[in-house]
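Letters A, B, ... mirror the listed sequences (proteins, then strands); counts begin at 1.
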Amino acid sequence: MNLQNLIENIKQEFKNTLVNLGYFSEETIIVIDTPKGKENGDYSTNIAMKLARVAKKAPLIIAKEIVNQFNRNNLFIEKIEIANPGFINIFLDKSFLTNLITEINNQGIDYGNLNMGHGEHYNIEFVSVNPTGSLHIGHARGASAGDSISRIMKKAGYKVTKEYYVNDGGNQIHNLAISIDVRYQQLFGKKIEIPKDGYHGEEIIDAAKKIKNKYKDRFIKEDGYEFFKDYGVNSLLKTLKKDLSDYGVTFDVWFSEKTLYDNKLVEKTVTYLIENNYTYEKDGAIWLKTSDYNDEKDRVIIKSDGSYTYITPDIAYHMNKLERGYTKLIDILGGDHHGYINRLKAAIEMISGKGDLLEIEILQMVKVIQNGKEVKMSKRSGKAITLRDIIDEVGVDPIRYFFAMRSLNTHMDLDLDLALKQTNENPVYYAQYAHARINSIFVTAEKKGYNTKNLPTEFTTITSEKSFELIQILGNYPDTIRQAAIHRAPHKITNYVNNLASAFHSFYNDEQVITDDHLNTMERLSLLNATKIVLKDALNLVGVSAPNKM
RNA sequence: GUUUCGGUAGCUCAGCUGGAUAGAGCAACGCCCUUCUAAGGCGUCGGCCGGGGGUUCGAAUCCCUCCCGGAAUGCCA
């Protein structure tokens, strides 16, 4: 039995007790949580205080009644105490806690796996940056969040498909082709400038140079527009994929917007919306009545020049995702897209009646500070700090951990000078160091002839407070996964990692693991093996490695 | 104006389905390496939880209101 089951059983027994005492009603919710100081026990409940009003009795009296009725058989409870102003505090039997060590060692990386999914299949779309330039540091936050959330959902027992929507069908690709064309012609001494909607990034110049090297002046003589389009998308996409995979982020599906047109899906979507009266014509454009569904105003889906707006293929795209059978669609978007949520949901609701299946997680923007000044991230200007720079200069682990630490809706200030110079102060090293330290203990133990492959499964010498604190945190891992999954909150994982590393470091400083006492040494090695498993697994959830040496 | 996300220690941020003395890292200041990695441990300093009302036995957390900051408010994507 794991800790979560035990807590459930204790909860159930509280419920039975309340029923017996006649205090239980439909609204009664029993909450068991961990108190602040350890003098208040391992777990506590505030149920007596909650009941005070309905029962019209003092909380302490109710608490006493509950404790007297409570049947603690098979619940591994050492003692129960009542504390002011009415808390009921539970102290667990230590033998139960040490059994957790064996459970973790047996389950290995499967420890903490949950079964929350019940067959649901989530599609998680993130990054989806246009292939018109490099990824910058703002995109890195999105990549980190989407990837970490995906890993957490998988751990929690959901089936997950990670998807990247490639905008290779719209206006921006036209601008890309023209930008490459201009750079290409400049290489032949032509005096022309990038148009105002063009892209100024270095990577555009690189692409033009490569084309010149290979094809010489061929596209001076003939029109290169279509070629530049294909070449630009392909080469930029290749770089995007490489940058992302070096960042530890991979996708299951790279979905091309262009295929929506090729398969007439956009047309079909538009026809459906028009035929079912969800649209009207005004000023020569076709408008979608999204304001009927919670949007602040209606939106154009076909411009007066006959072309589509951004949302039109996007509606078709989301319909396509639904048709592929996902039970939930999660889009992770930047804070500047928050106005987009209602109109997209409205459109999905019109066309499928399933607007609820779409969940949009908004990620607030990263403000980058360098030399005390804000650096504006703009792809058009080409002056962004790229993900590639960060990976090369700082490394993947610090930056992924850094992003994972913050909740999605925090407006982050990222001071580049600090991030680049003071890398040793990044909390990621604190957690990684714990892992490396444990590994080092095992290396030493093996040198001294300990058989670390055959660790004890029963414990008689683990008695210290530090050990129990460590075990208790290990026991909380499944619940941490659950919380992180429910709230789509990777930062709950990094908080946990930090607590676990802290408990370990404290334990390490207090107790010599390898001593002359063989039994004691082996039992402690068993505890540390469990710690190592959980540390590594938790770090992996946020895409951070667990090195054996530092 | 409207929508939305923030305002918690000097700085960067947790805590927000109401609970016990409000936490962490960094910064500052003290201790602790003849012993498994000092990228560590232990301690000190530091808070009108933006302001004001309300609900409650109990509010950083819920409700109302005001103030401050970011973002959005395109027939751009």
* To do: Could you tell me whether Glu511(A) contacts a base, only the sugar-phosphate backbone, or nothing, with contacts defined as non-hydrogen atoms closer than 4.0 Å?
  =>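 Base: the residue Glu511(A), judged by heavy atoms under 4.0 Å, touches a nucleobase.
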* **B/S/- contact track for nucleotides 3-10 of chain B, protein heavy atom under 4.0 Å** => BSBS----
* Arg406(A) to Phe402(A), cation-pi by 6.0 Å centre distance and 45° axis angle -> yes
Do any side-chain nitrogens or oxygens of [X] fall under 4.0 Å of OP1 or OP2 in [N]?
X	N	answer
Lys448(A)	U35(B)	no
Lys297(A)	U2(B)	no
Ser44(A)	G19(B)	no
Tyr430(A)	G41(B)	yes

* To do: Measure across Arg524(A) and Gln512(A) and return the closest heavy-atom pair with its distance rounded to 0.1 Å.
  => NH1-O, 2.7 Å
* **Summary of ring-ring contact (aromatic ring centres under 6.0 Å, His included) pairs that have at least one residue in residues 499-523 of chain A, sequence neighbours excluded** =>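 Pairs touching residues 499-523 of chain A that pass the test: Tyr430(A)-His505(A), Tyr433(A)-His505(A), Tyr450(A)-His518(A), Phe504(A)-Tyr508(A).
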Is there a donor-acceptor contact under 3.5 Å linking the side chains of [X] and [Y]?
X	Y	answer
Glu203(A)	Thr239(A)	no
Thr461(A)	Glu523(A)	yes
Asp283(A)	Ser304(A)	no

Show each protein N/O and nucleotides 15-18 of chain B N/O combination with a separation under 3.5 Å, one pair to a line.
{"unit_1": "G15(B)", "atom_1": "OP1", "unit_2": "His491(A)", "atom_2": "NE2", "d": "2.9"}

* Structure fact -> Residues passing the salt bridge (charged side-chain N to carboxylate O under 4.0 Å, His left out) test with Asp331(A), sequence neighbours excluded, are Lys321(A)
Report, one line per pair, each donor and acceptor closer than 3.5 Å where one atom sits in a side chain of residues 51-67 of chain A; sequence neighbours left out.
{"unit_1": "Lys57(A)", "atom_1": "NZ", "unit_2": "Tyr23(A)", "atom_2": "OH", "d": "3.0"}
{"unit_1": "Lys57(A)", "atom_1": "NZ", "unit_2": "Glu65(A)", "atom_2": "OE2", "d": "3.1"}
{"unit_1": "Glu65(A)", "atom_1": "OE1", "unit_2": "Tyr23(A)", "atom_2": "OH", "d": "2.4"}

* Asked: Is there a donor and acceptor pair, one atom on the side chain of Ser304(A) and one on the base of C75(B), closer than 3.5 Å?
  ->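 Counting by modelled atom types and ignoring angles, a donor-acceptor contact under 3.5 Å is found here.
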* Kindly state whether the pair His505(A) / A38(B) counts as stacked, where counting means centroids closer than 5.5 Å and planes tilted less than 30° apart. => no
* Asked: What form does the base of C31(B) take, syn (within 90° of 0) or anti?
  -> anti
* Structure fact -> Given Watson-Crick and G-U pairs under 3.5 Å, RNA chain B in dot-bracket ([ ] crossing, | other strand) is ((((((((.[[[[.)...(...]]]].(((((.......))))).....[[[[[..)....]]]]])))))))....
* **Exam field: side chain Asp298(A) to backbone Thr290(A), donor-acceptor pair closer than 3.5 Å** =>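 Yes, the answer is positive, given that a donor and an acceptor are paired below the 3.5 Å cut-off.
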* To do: Could you give the distance separating U61(B) and C16(B) at their P atoms, to the nearest angstrom?
  => 13 Å
